[in-house]
Amino acid sequence: MKKYTEMTMAEKQAEYRELSKKYKDYQYQALSLNMSRGKPSPAQLDLSMGMMDVLNSEVDLTGVDGFDCRNYGVLGGIPEAKELLADIMEVNPNNIIIFGNSSLNVMFDFVSRSYTHGVMGSTPWCKLPEVKFLCVVPGYDRHFAITEYFGIKMINVPMLETGPDMDMIEKLVKEDESIKGIWCVPKYSNPTGNSYDDETVRRFARLEPAAPDFRIYWDNAYTVHHLYEHHQDHLIEILAECKRAGNPDLVYKFASTSKISFPGSGIAACAASKNNMEDIMNCMQNQTIGHDKVNQLRHVRYFKNIHGVVEHMRKHAEILRPKFEAVENIFAEELGGLDIGTWTKPNGGYFISFDSLPGCAKEIVAKAKKAGVELTPAGATFPYGKDPLDRNIRIAPSYPALEEITLAARLFTLCVKLVSLKKIMEEEVAAKAASQVIEQTEEG
């Protein structure tokens with residue numbers, strides 16, 4: 001396939017006319033496809049329907065410790081739920097607190113508590129002249145929305161193949177006491193699908209922040225969300241590594257069953273050091289008498305143990321894997337060798353990250369929407385919705401059916417070609433015009 005930059009202007013114009021004709025053909029189909037969010041498909045949700053039957057009016061709702069799960073109490077979660085989530089998160093059950101249905105809600109609460117009451121006796125952030133957070137980019141838009149809501153200044157940290165730029169992180173947190181945290185999705189990261197390598201995790205655990213109330217917000221949302229049984233990413237466990245490094249209080253580790261069981265009806269958890277847990281529980285006892293223990297029991301009775309979760313996630317992978325591979329194959333077929341875009345090929349998670357030519361992402365997304373394919377807004381993967389290079393687009397293949405994904409991916413690549421070719425022609429014309437002006441000036 002000939003690169004656009006190697007074509008003559010006449011060839012570029014002919015190619016653009018042909019692509020425009022194909023684009024109009026898509027418009028005539030009046031498509032309505034949505035790849036904007038990483039939602040499980042109906043087929044994935046069906047996998048958990050058996051959970052609705054494990055509890056009914058005839059079964060005993062007493063936990064393993066004899067507690068009646070219908071009643072108030074057990075602030076940190078029932079023991080069997082702690083054990084299940086601890087196995088999912090690869091931590092000790094003694095370091096787990098079980099919350100409600102949403103880990104994002106928990107993260108919001110943690111930032112809110114730090115803002116109003118500080119962290120382990122430190123000055124509340126609302127009383128400080130400025131508070132900053134580091135944000136790995138491209139990253140999770142809902143993380144950024146939390147810190148933006150509280151008026152916290154966000155600083156971009158580039159994501160590398162091995163994880164975030166640790167040289168930059170180490171320098172910033174050591175020099176600036178106003179930096180209070182960093183957002184991380186360490187495994188099958190949103191949206192790149194990258195996982196942090198061993199050195200990156202160890203360097204995180206050995207950070208020397210100037211602020212004693214600095215915390216790593218370690219959102220391990222995709223900890224068991226593999227696409228391939230024999231090609232799985234593995235992550236060093238951050239709590240144990242922090243303890244080995246003499247920094248036990250440095251991290252909050254989050255996870256939930258939102259994309260394991262039912263989004264919005266799962267259970268969320270945080271793993272943390274003893275000191276952090278005491279600080280968290282001191283707040284929680286004023287916030288609630290206990291989270292939904294019936295739902296905790298429902299999950300335990302259904303999955304039974306980590307082996308049940310692993311088998312369940314294997315079924316999820318069987319649904320997701322063909323969709324990811326369809327997108328990746330179409331991207332390779334349509335865009336390979338053109339040098340107008342790059343994309344990730346993750347081993348798990350929910351997203352593919354696509355980088356266009358600089359300055360093209362917004363127009364590509366707009367063009368796709370005009371033809372009936374809804375994508376995550378360009379810029380959403382950066383704080384304040386501002387991608388400085390206007391090039392990153394998050395692709396979410398999970399929700400639509402396979403045939404819809406195939407159609408949407410082909411339309412997307414067509415939009416990439418159209419917008420990229422237009423930009424290349426405009427730059428060539430502008431360069432030629434500038435050259436003529438220079439020549440005329442020199443002759444004059």
Between CG of L55 and NE2 of H299, what distance do you get to the nearest 0.5 Å?
10.5 Å

Could you state the interatomic distance from CD1 (I97) to CG (N94), rounded to the nearest 0.5 Å?
11.5 Å

Would you mind writing out the side-chain donor-acceptor pairs for residues 400-408 within the sub-3.5 Å range, not counting sequence neighbours?
{"residue": "E404", "atom": "OE1", "partner": "A401", "partner atom": "N", "Å": "3.1"}
{"residue": "T406", "atom": "OG1", "partner": "L402", "partner atom": "O", "Å": "3.0"}

Under the side-chain hydrogen bond (donor to acceptor under 3.5 Å, both in side chains) rule, collect the residues that match up with D197, sequence neighbours excluded.
T200

Distance, nearest 0.5 Å, that separates CG of L207 from CZ of R215
12.0 Å

Row check, Y399 ring normal vs K39 NZ/CZ: under 6.0 Å, within 45°
yes

Can you list, pair by pair, the side-chain donor-acceptor contacts under 3.5 Å of residues 344-354, counting residues two or more places apart and other chains?
{"residue": "T344", "atom": "OG1", "partner": "T192", "partner atom": "O", "Å": "2.9"}
{"residue": "T344", "atom": "OG1", "partner": "S353", "partner atom": "N", "Å": "3.0"}
{"residue": "N347", "atom": "ND2", "partner": "D233", "partner atom": "OD1", "Å": "3.0"}
{"residue": "Y350", "atom": "OH", "partner": "Q44", "partner atom": "NE2", "Å": "2.9"}
{"residue": "S353", "atom": "OG", "partner": "N392", "partner atom": "ND2", "Å": "2.8"}

Candidates F133, Y149, W125, F150 - the one meeting ring-ring contact (aromatic ring centres under 6.0 Å, His included) with Y115
F150

Is the positively charged end of R321 above the ring of F324, judged by distance under 6.0 angstrom from the centroid and angle within 45° of the axis?
no

Give a yes or no answer on whether the side chain of Y217 reaches the backbone of V251 with a donor-acceptor pair at less than 3.5 Å.
no

With sequence neighbours left out, the residues meeting side-chain hydrogen bond (donor to acceptor under 3.5 Å, both in side chains) with E318 are R314

With rounding to the nearest 0.5 angstrom, report the CG to OG distance, L320 to S41.
6.5 Å

side-chain hydrogen bond (donor to acceptor under 3.5 Å, both in side chains) pairs, two or more places apart, involving residues 134-147
R37-D141, H143-D219, T147-W183

R203 and D167 ion-paired at < 4.0 Å
yes

Shortest non-hydrogen separation from P248 to S273 and the atoms involved:
O-CB, 3.2 Å

D198 side-chain N/O to V201 backbone N/O, donor-acceptor pair under 3.5 Å
no

Output the distance between atom CG (D355) and atom CG (D387), rounded to the nearest 0.5 Å.
8.0 Å

Within the structure provided, determine whether F254 and W218 are in side-chain contact (heavy-atom separation under 4.5 Å).
no

Could you pull out all residues at least two apart from F303 that satisfy ring pair (Phe, Tyr, Trp, His ring centres under 6.0 Å)?
H312

Check whether any side-chain heavy atom of I364 lies under 4.5 Å from a side-chain heavy atom of F412, and answer yes or no.
yes

Applying side-chain hydrogen bond (donor to acceptor under 3.5 Å, both in side chains), can you list everything that pairs with T223, at least two apart in sequence or on another chain?
none

For K293, which residues count as a salt bridge (Lys or Arg N to Asp or Glu O under 4.0 Å) partner, sequence neighbours excluded?
none

Which pairs, with at least one residue in residues 411-421 and sequence neighbours excluded, count as a salt bridge (charged side-chain N to carboxylate O under 4.0 Å, His left out)?
E334-K417

Any side-chain heavy-atom pair from M89 and L239 closer than 4.5 angstrom?
no

Taking only residues two or more places apart in sequence, or in another chain, which ones meet E237 in a salt bridge (Lys or Arg N to Asp or Glu O under 4.0 Å)?
K253

What pairs meet the salt bridge (charged side-chain N to carboxylate O under 4.0 Å, His left out) rule with one or both residues in residues 79-103, with sequence neighbours excluded?
none

Are I280 and F110 side-chain neighbours, meaning at least one heavy-atom pair lies under 4.5 Å?
yes

Between E325 and K323, does any side-chain N to carboxylate O distance fall below 4.0 Å?
no

Under a 4.5 Å cut-off applied to non-hydrogen side-chain atoms, are D53 and Y302 in contact?
no

Quick one about D60 and T62 (side-chain donor to acceptor, distance below 3.5 Å, no hydrogens or angles considered), yes or no?
yes

With sequence neighbours excluded, what pairs up with R206 under the salt bridge (Lys or Arg N to Asp or Glu O under 4.0 Å) test?
E241

